[in-house]
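These notes are about the structure you will find just below.
Chain letters run A, B, ... following the sequence lines, proteins first, then strands; residues in each count from 1.
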Protein chains: 2
Amino acid sequence: MSRKITVAAAQIGAINRDAPKSETVPRLLALLREAGQKNVKLVVFPEVALTTFFPRHLFTSQEELDKFFEHGEDITQSPDVKPLFDEARSLNIDIVLGYAERTANGTGYNTCVYYSASEGRVLSKYRKIHLPGTKEPFEDPKAINQLEKRYFTPGDLGFKAFRAPGLIPDAAKKATAQSGESTVGKGDPILGMMICNDRRWPEAWRMYSLQGAEILMFGYNTGANMSHLWGSKPMTPEQAKVEALFHSRLVQQANSYMNACFSISSARCGLDDGKYDLIAGSSIVDPEGHVVAEAKTSEDELVVAEIDLGDCRQGKEKTFDFARHRRIETYGLIDKQTGVIEPELL
Amino acid sequence: MSRKITVAAAQIGAINRDAPKSETVPRLLALLREAGQKNVKLVVFPEVALTTFFPRHLFTSQEELDKFFEHGEDITQSPDVKPLFDEARSLNIDIVLGYAERTANGTGYNTCVYYSASEGRVLSKYRKIHLPGTKEPFEDPKAINQLEKRYFTPGDLGFKAFRAPGLIPDAAKKATAQSGESTVGKGDPILGMMICNDRRWPEAWRMYSLQGAEILMFGYNTGANMSHLWGSKPMTPEQAKVEALFHSRLVQQANSYMNACFSISSARCGLDDGKYDLIAGSSIVDPEGHVVAEAKTSEDELVVAEIDLGDCRQGKEKTFDFARHRRIETYGLIDKQTGVIEPELL
């Protein structure tokens, strides 16, 4: 049975600091409708897709900060965002949407949800685990702040893969989960979500591929100038931007290959407030590590590809057949040791 | 204090099935002497560097198979290989050498040793953990066998990083290992060894970077035609060779970046017996994932670069500061689950 599906990254260009969500959501809607015309069944929107990337700013007013967050239990009922989910259901397109989440008890998370059009509900939620940046503003006045550790708490939902019903209409119903039996390539597609910096951490990908993930999806807001300010070698801003895109692509391609899965990455990009430059480069990568589609602009743009989940089989069943090749008795430090230890202490 | 050091990969071209070690070791010696002339302090030789890559053949005679192995406790005293270690000591060059090891109790390992010239002894031994291939020959008569799982046992020494004294003569003595204190960039360089297929498994790299590794070293014998025979898409042999090199480079570059370390890879390459084609591409990659030196041929060739271990700091202290960013409470499956499980079971 064919496991082909048309997917897309919906890249979003500049969003200024004062842009209200009511101005941004129609841009997302326009890309969603374009997806509908192109027979796309799954659209990935960026991280914090509804506002500017506010962790670059230090807010002293809680009220001002809270405007960037979504409040309330159910994002699909949020007045500003509801039209997007309604349209997704109407067009029969599943979507991944990133946003800043404020829970009832006041905790902030960098979150995304997977909305299933066929189910008409949020099927899975992910809260970003690898928060970059700092709690306190940088001392260097030239540095652009990255205050995710200040505004967000590390995600508490783990890396949970999930099956998405309806994506491949005639997919056999869920493969029977018998202990030890391979579920590769059977039943509804297995998906997983990450957010931005997670993609640089091989543990995140591996947690998902250990659950058989066939497509990993992530949005990102990646500054174009980090290497320029932080790197050990002098770089022009232009070189630093090339370097930042190189790193983003490198980890996406290699981890897609090493985990034998497709990946869809979706950028918030462009020049926010006319001065904060973000890399673009939204892309769809196959399980052999090749880019099959990529953004050509730094603006709102839909990046589309038809992919065949059967292409995961070469990796999952041969080169990276986990059951035959992984040696878990030698990996003990990975989930026991956070920071670096002296070699002699192992 | 400068942490610069000149290192090299000593790539070795074709070795035919009937070539005795006494014919091959002088080729390694020639590259070692070239390294001496170029002020190199560390030379990495390939996996199974003393013979042809014999796991492609099915042997029915144990005696014939055993000719490819090194026997005895101390490789440095092996008559065929002793001249290489003697020369390394005389030239004050540390070397990594891969070979097939037969222990006193008859177990076979795919092994490499790190020989310290300043210490005049083997400082560390590594036995390949991720053995590819199969125990039984392939049924497809066109497929080239990969019988590592038949001839070798998975390594039992783990991924142990180690400090190499003498590599940087004026390095401060070993950093005091106090609990929780960062040892980044202090004392003698921290090194780690892998072999061939290990490089495709992010767990191997991570085990070493959790011990602060600044240079990872591996040799390889990588067939040029695996994708041609196994891949899901039709490929010519020429395309398959490009693909195999692409994958090898991709994992080396990405894992060097994600683990903020240099890496040195050393190929056995060329056309063994005039028909078994191996990829070349020996290279030295920096902690930002860039290739700083690479082989130009598929023959015996020394690939040299001066590297500055200080370049690891950007990664180890900022982007990939493990102590601040890793979330080990979310990585539990990695060392507990060998094969794939159903998503719902997590």
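Nearest heavy-atom pair, B/P343 versus A/I190, reported as atom, atom and distance to 0.1 Å: CG-CG2, 3.8 Å. The two residues B/T338 and A/F322 make their nearest non-hydrogen contact at O-CB, 3.2 Å. For B/G332 against A/M207, the heavy-atom pair with the smallest separation is N-SD, 4.1 Å.
Interface remark: B/N255 contributes side-chain atoms only to the contact with chain A (heavy atom separation under 4.5 Å). Within the 4.5 angstrom heavy-atom criterion, only side-chain atoms of A/K149, from C-beta onward, approach chain B. Residue contact with chain B, scored on non-hydrogen atoms closer than 4.5 Å, involves the side chain of A/F246 exclusively. Neither the backbone nor the side chain of A/D198 comes within less than 4.5 Å of any heavy atom of chain B. Using a 4.5 Å cut-off between heavy atoms, B/Y257 touches chain A through its side chain atoms alone. Contact of A/L131 with chain B is made through the backbone alone, with heavy-atom distances under 4.5 Å. Heavy-atom distances place both the backbone and the side chain of B/L210 under 4.5 Å from chain A.
Using a cutoff of 4.0 Å between basic side-chain nitrogens and carboxylate oxygens, A/E342 and B/R163 are scored as salt-bridged.
Note that NE2 of B/H130 is 13.0 Å distant from CZ of A/R324, once rounded to the nearest 0.5 Å. The NZ atom of A/K318 sits 11.5 Å away from the OG1 atom of B/T134 when rounded to the nearest 0.5 Å. To the nearest 0.5 Å, atom NZ of residue A/K336 and atom CD1 of residue B/I328 are 9.0 Å apart. The structure places CG of A/D335 at 8.5 Å from CZ of B/R326, a figure rounded to the nearest 0.5 Å. Here B/H247 contributes atom NE2 and A/E288 contributes atom CD; the two are 4.5 Å apart, rounded to the nearest 0.5 Å.
At a cut-off of 3.5 Å, with distance as the only test, no side-chain donor of A/Y331 or B/R206 sits close to an acceptor on the other residue.
Looking only at heavy-atom pairs under 4.5 Å with chain A, the residue among B/P202, B/S209, B/A204, B/A323 that has the most is B/P202. Considering only heavy-atom pairs separated by less than 4.5 Å from chain A, the leading option among B/G315, B/G158, B/G289 is B/G289. Interface check for chain B: of the options A/P132, A/P154, A/G155, the most heavy-atom pairs under 4.5 Å are formed by A/P154.
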Exercise. Decide yes or no on side chain to side chain contact (heavy atoms under 4.5 Å, CB included) for A/H290 and B/E243, but give the supporting numbers first.
Key: CA-CA 10 Å; A/H290 296 287; B/E243 180 84 344; 2.6 Å; yes
Exercise. Test side chain to side chain contact (heavy atoms under 4.5 Å, CB included) on B/W201 and A/R327 and set out the steps.
Key: CA-CA 10 Å; B/W201 297 85; A/R327 306 298 313 182; over 6 Å; no
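Between A/M258 and B/V251, some side-chain heavy-atom pair lies under the 4.5 Å cut-off.
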